Amino acid sequence: NLKGVFYLTRACLPYMKRESLAEDPSRIINIGSVVGMIPQSAPTHAYDVSKAGVHHLTKKLSHDLAPHNITVNALAPGFVPSKMSEGLSAYASFEEIAKNTPMGRLGDEDDMVGCAIYLSSRASSWVTGVVINVDGGAVGGMQIPLASDDLE
């Protein structure tokens, strides 16, 4: 999850530097995960830590590559059903996960594509070093649970 991002970026840099312009920079969009910000309860230690590394690498590269007119941002998907995420069903059903997401549903490919299009477009030409949670509010909408007695 982390080494591949680094080595691919390094391999592409000569081409990206050559084609970038101040008003239309080259763009790198990394794929992190919300578990890179908040660990999940499943025993996915290496995955969670590697995604945190992707987020940090995104921020570090954004600073280093900005003078070359290259933006570096990341998507941090929340729970999106996929072949890879099927293994998490041993810990919670997709329905339970959706119910515990503030927007009440799981993500899908259209949610990710919309954000990637934004980061690829002229609209984001002055955005760099940002990790965007595409997660139905799972991270941004987190609240400290209170006892039901405290809510009345």
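Owing to the predicted nature of the structure, the values given are computational and were not obtained by experimental measurement.
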Are any side-chain N or O atoms of [X] and backbone N or O atoms of [Y], one a donor and one an acceptor, separated by less than 3.5 Å?
X      : Y      : value
Asp24  : Leu21  : no
Asp110 : Val113 : no
Ser93  : Glu96  : yes
Asp48  : Gln40  : yes
Arg27  : Leu119 : yes
Ser20  : Pro25  : no
Ser33  : Val35  : yes

Side chain to side chain donor-acceptor pair (under 3.5 Å) evaluation trace for Asn1 with Ser50:
CA-CA 6 Å; Asn1 288 323; Ser50 70; 2.9 Å; yes

Min side-chain heavy-atom separation [X]-[Y] under 4.5 Å:
X      : Y      : result
Met84  : Tyr47  : yes
Pro77  : Asp135 : no
Val80  : Leu106 : no
Arg122 : Glu23  : yes
Tyr91  : Ser41  : no
Thr71  : Ser62  : no
Leu61  : Thr9   : yes
Asn73  : Val127 : yes

When you look at NE2 of His68, are more than 12 heavy atoms from neighbouring residues, nucleotides or ligands closer to it than 6.0 Å?
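Correct, the count exceeds 12.
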
Neighbour count above 12 (heavy atom, 6.0 Å) for His56 NE2
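Not more than 12 within 6.0 Å, no.
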
Might you work through the salt bridge (charged side-chain N to carboxylate O under 4.0 Å, His left out) test for Lys59 and Asp64, ending with a clear yes or no?
CA-CA 9 Å; Lys59 294 173 185 180; Asp64 295 348; over 6 Å; no

Please give me the minimum heavy-atom distance between [X] and [Y], naming the atom from each residue.
X      : Y      : answer
His55  : Gly32  : NE2-CA, 3.4 Å
Val5   : Asn30  : CG1-OD1, 3.3 Å
Pro102 : Gly137 : CG-O, 3.2 Å
Thr101 : Gly136 : CG2-O, 3.5 Å

What distance separates Ser26 OG from Ile70 CD1, expressed to the nearest 0.5 Å?
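Going from the OG atom of Ser26 to the CD1 atom of Ile70 covers 5.0 Å.
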
Separation between CG of Asp111 and CE of Met103, rounded to the nearest 0.5 Å:
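Reported to 0.5 Å precision, the distance equals 8.5 Å.
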
Would you say [Y] ends up clustered with [X] if hydrophobic residues are merged whenever their side chains have heavy atoms under 4.5 Å apart, either directly or through other cluster members?
X      : Y      : value
Val34  : Ile38  : yes
Val130 : Ile28  : no
Val72  : Tyr7   : yes
Tyr118 : Val134 : yes
Val131 : Leu65  : no

Which of these, Lys17, Arg18, Glu19, sits in a side chain to side chain contact (heavy atoms under 4.5 Å, CB included) with Tyr15?
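Among the candidates, only Arg18 passes.
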
